[in-house]
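Here's the structure we're looking at; comments come further down.
We count residues from 1, following the sequence as given. Hydrogens, waters and symmetry mates are skipped; everything else that's a heavy atom, side chains included, is used.
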Amino acid sequence: MAAPSPVSVSITGTGLFTPSESISNAELAASLTASVERWNAEHADAIAAGTVEARALPDEEFIEKASGIGSRFVMEKSGVLDPERMRPHLPTRTEDELSVTAEMALPAIHEALTQAGRSGSDVDAVILGASNLQRAYPAVAIEIQHEIGAGGWAFDMNVACSSATFSIQNAVDALRNGTASCVVVVNPEITSGHNNFELRDHHFIFGDACTALVLERTEDAVGGGAGEHGRWDVLGTKLATQFSNNIRNDFGFLNESEDDERDPHELMFRQNGQSVFKEVCPLVVKHITGHLAEVDVDATDIRRFWLHQANLKMNQLIAKGVLGRVPDTDEAPVILDEYANTSSAGSIIAFHKHRGDLATGDLGVICSFGAGYSVGSIVVRRA
């Protein structure tokens, strides 16, 4: 007896929350210049003695040339640009107030639900995936579930910059095995809270945003049809992880219990950028190529790649490895120039903003990659 065909699952809506404040490269470089000059002056004797290394000054032109980043949105910019603070001002909220990550998630979710023709009461699963979770518990996903009036279940998860694609596969699996009928995947990324704005190598990388998607069994979909946004059928999902310390953040609840005091920079994002570039690019090329083979799709048949928005040169090299040539921005849209690296939200922002012009039957790949290492890909087709 032949095995039953897998249940068809579709993305029926997407949403995006963009903070109201933005920081240009020029503003960021000016702030770090003031901070570095003060720090180097305060440590001048140690620097002269060779026991401390002087901090390097930022280079505005280098930022865009090296990364493709022109600006970034942040939840709060005055604290980030204050040379004596270098982190956002986020007022402490009481237990009775909505958390900041839930607050930024709700507009994105409501936009996605509207596209899908659904309301919060139709949702019976909420999966929150993000690089840095606001708290240990209760899960912010459960808080969101309550706020939108959803039933069923909810949980938080973290696979760094691949949290969105890993969340999507969890949603697809739940829909196929019958443990959910309408799933919201939401990715609130307040990267300004874990970015190190004090060091030149890191200060320009990240921005804040939140994305959301609605996924349903195709046969149940009521929205997302022939309109501007369309319904997108999931042809396949593929995840992979490979351990590496080249991207790391050691912040956690055990810090207070550790015998030795840590360098504060260990409790924020840090990476060995050159090693990441050399190791991740071939890993992602192999992953996408293998995934396309598994779903019997040729790379030349892919109309659009919505890639993780970390670094323009990385994306170009990865797409070239898959296609055999550097793609144009129509084939692989870029949102880095405006949003910077929004961690797990990046590939979904690209999908949200750059899918309406595709035709019925067009194929696309949503792909993320990041710390772990972690790689996730979703092959989709416009209905």
Side-chain angles (χ1 to χ4, degrees), residues 11 14 16 67-68 108 127-133 156-173 185-189 191 194 205-213 215 232 234-244 246-247 249 269 271 276-277 279-292 302 304-319 321-322 327 332-336 339-355 364-380:
I11 298 171
T14 68
L16 170 64
S67 67
I127 303 174
L128 184 153
S131 284
N132 291 82
L133 304 174
D156 295 346
M157 60 175 287
N158 176 2
V159 202
C161 291
S162 289
S163 295
T165 53
F166 276 60
S167 298
I168 291 170
Q169 175 158 315
N170 273 276
V172 170
D173 291 345
V185 166
V186 61
N187 313 106
E189 292 287 7
T191 62
H194 77 91
I205 295 176
F206 290 104
D208 299 340
C210 180
T211 52
L213 304 97
L215 293 97
W232 292 83
V234 177
L235 302 186
T237 63
K238 184 179 179 67
L239 311 179
T241 52
Q242 175 181 305
F243 184 71
S244 170
N246 281 322
I247 311 174
N249 182 336
F269 167 86
Q271 71 170 353
V276 171
F277 193 99
E279 295 172 4
V280 169
C281 289
L283 181 67
V284 178
V285 171
K286 181 179 179 181
H287 179 93
I288 295 176
T289 302
H291 192 189
L292 293 178
I302 297 299
R304 187 158 292 166
F305 291 87
W306 299 283
L307 299 176
H308 173 48
Q309 303 289 307
N311 181 285
L312 181 58
K313 291 181 179 179
M314 285 187 75
N315 283 13
Q316 291 174 336
L317 187 59
I318 288 167
V322 175
V334 175
I335 55 94
L336 268 170
Y339 281 82
N341 182 346
T342 54
S343 194
S344 69
S347 59
I348 309 303
I349 296 174
F351 179 65
H352 173 82
K353 284 179 164 284
H354 298 282
R355 74 181 193 276
V365 175
I366 303 168
C367 183
S368 66
F369 38 89
Y373 298 128
S374 56
V375 187
S377 55
I378 316 296
V379 182
V380 294

Which pair of heavy atoms, one from A171 and one from V185, lies closest together, and at what distance? CB-CG2, 3.9 Å
If you define the side chain from C-beta out and look only at heavy atoms, does anything of M157 sit under 4.5 Å from S163? no
Do H287 side-chain atoms and K238 backbone N/O form a donor-acceptor pair below 3.5 Å? yes
Distance, nearest 0.5 Å, that separates CD1 of I318 from SG of C281: 4.5 Å
To the nearest 0.5 Å, how far apart are NE2 in H291 and CG in L235? 8.5 Å
Residues at least two apart in sequence or cross-chain that pass side chain to side chain donor-acceptor pair (under 3.5 Å) with S368, listed by chain then number, are S162, T165
Candidate list V379, V322, L307, test side chain to side chain contact (heavy atoms under 4.5 Å, CB included), partner C367, passing option: L307
In the structure I gave you, are the side-chain heavy atoms of K313 and F277 within less than 4.5 Å of one another anywhere? yes
If you look at every heavy atom in I366 and S347, which pair is closest and at what distance? CG2-OG, 3.8 Å
With a 4.5 Å limit on heavy-atom distance, are the side chains of H308 and N341 in contact? yes
Going by distance alone, is a donor N or O of one side chain under 3.5 Å from an acceptor N or O of the other, for Q309 and Y339? no
Minimum heavy-atom separation for A345 to E189, with atom names? N-CG, 4.1 Å
How close do N249 and H194 get, heavy atom to heavy atom, and via which atoms? ND2-CB, 3.9 Å
Take V334 and N315 through the test side-chain contact (heavy atoms from CB on, under 4.5 Å) and record every step on the way to the result. CA-CA 9 Å; V334 175; N315 283 13; 5.7 Å; no
Which residues pass the side chain to side chain donor-acceptor pair (under 3.5 Å) test with Q242, sequence neighbours left out? none
Looking only at heavy atoms, which two atoms of S131 and N158 are closest? And how far apart? O-ND2, 2.8 Å
Which residues pass the side chain to side chain donor-acceptor pair (under 3.5 Å) test with T191, not counting sequence neighbours? D208
Indicate the atoms forming the closest heavy-atom contact of Q316 with P327, along with that distance. O-CD, 4.2 Å
Check whether any side-chain heavy atom of F269 sits under 4.5 Å from a side-chain heavy atom of I205, and report yes or no. yes
Quick one: does T289's side chain have a donor or acceptor within less than 3.5 Å of a partner on K286's backbone? no
Out of curiosity, E279 CD to N246 CG, how far, rounded to the nearest 0.5 Å? 5.0 Å
Any L213 side-chain heavy atom under 4.5 Å of I348 side chain: yes
Taking the side chain as everything from C-beta on, heavy atoms only, tell me whether T14 gets closer than 4.5 Å to R355. yes
Distance, nearest 0.5 Å, that separates OG1 of T342 from CG of N187: 9.0 Å
Evaluation steps, side-chain contact (heavy atoms from CB on, under 4.5 Å), between I378 and W232: CA-CA 11 Å; I378 316 296; W232 292 83; over 6 Å; no
Pairwise side-chain contact, F369 with L283, heavy-atom cut-off 4.5 Å (strictly under): no
What I'd like to find out is whether the side chain of P333 reaches to under 4.5 Å of the side chain of K353, using heavy atoms alone. no
Run the side-chain contact (heavy atoms from CB on, under 4.5 Å) check on C161 and S344 step by step: do they pass? CA-CA 4 Å; C161 291; S344 69; 5.5 Å; no
Calculate, to the nearest 0.5 Å, the distance between atoms CG and CG belonging to L239 and N170 respectively. 8.0 Å
